[in-house]
Undergrad: 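What follows is a single structure, and I will ask about it in a moment.
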Amino acid sequence: VIAQRRPGEFSHDAIDRLRRLAPLARILGLMGSWCEGEMRSGSPWPATARLYWHQWPVRSEQQFARLANGELTAWSLPITATDEERLLADCGAGCQPASPSIACRGLVAIRSRSAEMAGWLMAACRDRRLAAVWQRRPADTRIEGATAGIFDAAKFDDAERGELSDFAATMRPAPVVALLSFPRFDDHQQALAAGASFVLSKPTPLEDLFRRLPSEEPADRS
């Protein structure tokens with residue numbers, strides 16, 4: 001794992017030397033806050049899996065557990081693997097929709113200004129036996145009994161930070177996952193201070209999101 005704080009901190013030559021020293025090892029780039037734009041306007045390391053600092057807590061927990069169990073993961077694929085192949089490797093059984101006959105496992109409250117985003121999240125919840133309700137504005141719907149909340153931020157300005165604080169207050173004691181676009185460290189800290197339990201970046205792999213959402217297993221009625 002090579003932790004890079006800013007683009008260019010480790011040169012391509014340095015990465016190539018490391019590959020020659022350990023040709024069978026997989027290299028993971030752990031990227032800091034200033035590295036998001038490198039894929040658009042910079043020169044990222046070739047044939048290297050990338051993970052941003054805010055993705056590390058949930059993704060590393062999952063990857064190390066699967067590696068310990070001898071399962072295929074994105075980090076165990078050959079260096080020639082594409083981003084699409086890494087995504088499919090991590091998808092696994094967690095992407096399989098649940099049977100509609102299985103009882104609901106909990107209720108997720110979704111706060112989002114985007115109908116498209118809310119619809120996508122609600123469909124993903126249903127696939128995982130979770131009921132979901134969309135709350136576009138605070139006064140839209142009174143939600144009781146939620147097991148978790150998802151706050152989809154657009155700009156995460158002062159107004160949205162206030163909305164997150166209000167939303168988290170109405171959700172307590174249920175945890176709230178805040179979804180931010182390319183969050184900096186300060187954004188991450190401000191979201192936590194506003195009441196978010198976890199912060200994930202957009203676009204968000206669904207498996208990362210649902211690992212942070214608690215659920216209630218239905219009682220055994222046999």
Side-chain angles (χ1 to χ4, degrees), residues 1 26 28-31 36 49-77 81 83-99 102-112 117-134 145-153 156 164 167-168 171-183 185 187-189 191-192 194-218:
V1 177
R26 305 292 186 264
L28 171 69
L30 178 56
M31 302 299 170
E36 281 95 346
R50 294 170 66 89
L51 191 68
Y52 294 109
W53 66 276
H54 43 72
Q55 297 171 324
W56 176 261
V58 63
R59 196 74 59 83
S60 61
E61 177 185 336
Q62 170 212 36
Q63 293 284 334
F64 288 139
R66 294 179 65 177
L67 285 171
N69 290 332
E71 300 175 24
L72 177 67
T73 76
W75 294 359
S76 59
L77 292 177
D83 288 341
E84 290 79 7
E85 288 169 332
R86 292 191 179 100
L87 182 63
L88 289 172
D90 281 341
C91 187
C95 289
Q96 300 300 320
S99 169
I102 299 178
C104 177
R105 300 171 57 213
L107 172 64
V108 178
I110 298 170
R111 175 76 69 83
S112 176
M117 184 68 169
W120 176 69
L121 289 170
M122 292 173 72
C125 286
R126 288 194 297 269
D127 285 345
R128 289 158 178 80
R129 294 185 287 143
L130 290 164
V133 60
W134 175 32
T147 53
I150 300 174
F151 185 89
D152 170 40
F156 203 54
L164 172 57
F167 182 64
M171 289 295 103
R172 291 191 183 100
V176 171
V177 178
L179 304 180
L180 309 183
S181 297
F182 298 110
F185 180 75
D187 298 326
H188 189 274
Q189 295 301 105
L192 294 178
S197 305
F198 307 102
V199 181
L200 297 177
S201 65
K202 296 188 291 185
T204 303
L206 288 175
E207 188 166 311
D208 288 3
L209 173 60
F210 285 97
R211 283 175 64 84
R212 291 306 191 199
L213 295 184
S215 60
E216 298 176 346
E217 290 294 343

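Quick caveat, the model's predicted, so the values are computed rather than measured. Heavy-atom basis, side chains included; hydrogens, waters and symmetry copies ignored. We number each residue from 1, following the sequence as shown.
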Undergrad: For a side-chain contact (heavy atoms from CB on, under 4.5 Å) check, start with the C-alpha distance between F156 and L164, then their side-chain angles and the critical distance, and finish with the verdict.
TA: CA-CA 9 Å; F156 203 54; L164 172 57; 3.8 Å; yes
Undergrad: Between V199 and L192, is a side-chain contact (heavy atoms from CB on, under 4.5 Å) present by the stated rule, with each step listed?
TA: CA-CA 7 Å; V199 181; L192 294 178; 4.0 Å; yes
Undergrad: Looking at side-chain heavy atoms only, is the closest gap between R211 and P205 below 4.5 Å?
TA: no
Undergrad: State, to 0.1 Å, how close A132 and M122 come at their nearest heavy-atom pair, and which atoms those are.
TA: O-CE, 3.6 Å
Undergrad: Looking only at heavy atoms, which two atoms of A196 and A178 are closest? And how far apart?
TA: CB-CB, 3.9 Å
Undergrad: Look at the aromatic rings of F64 and W56 and report parallel, tilted or perpendicular, splitting at 30° and 60°.
TA: perpendicular
Undergrad: Quick check: closest heavy atoms across F167 and R111, and the distance to 0.1 Å?
TA: CD1-NH2, 3.6 Å
Undergrad: So which atom in E71 and which in S76 form the shortest heavy-atom distance, rounded to 0.1 Å?
TA: O-OG, 4.4 Å
Undergrad: Between R59 and D208 (side chain of the first, backbone of the second, donor and acceptor by atom type, cut-off under 3.5 Å), is there such a pair?
TA: no
Undergrad: So how far is it from I110 CD1 to L121 CG, rounded to the nearest 0.5 Å?
TA: 5.0 Å
Undergrad: Evaluate the side-chain contact (heavy atoms from CB on, under 4.5 Å) criterion for residues L179 and M117: first the C-alpha distance (whole Å), next the side-chain angles of each, then the deciding distance (0.1 Å), finally the verdict.
TA: CA-CA 11 Å; L179 304 180; M117 184 68 169; 3.8 Å; yes
Undergrad: Could you check S201 against W53 for side-chain contact (heavy atoms from CB on, under 4.5 Å), going step by step and ending with a plain yes or no?
TA: CA-CA 10 Å; S201 65; W53 66 276; over 6 Å; no
Undergrad: List the residues meeting side chain to side chain contact (heavy atoms under 4.5 Å, CB included) with F210, not counting sequence neighbours, and say none if there are none.
TA: A124, C125, R128, L130, L206, L213
Undergrad: On a heavy-atom basis, which atom in S181 and which in K202 lie closest, and how many Å separate them?
TA: OG-CE, 3.3 Å
Undergrad: Report yes or no: does W134 contribute a side-chain atom to a donor-acceptor pair with the main-chain N or O of G119 at less than 3.5 Å?
TA: no
Undergrad: How many angstroms lie between CD in Q55 and CE in M31, if you round to the nearest 0.5 Å?
TA: 11.0 Å
Undergrad: Minimum heavy-atom separation for V176 to A168, with atom names?
TA: CG2-CA, 4.0 Å
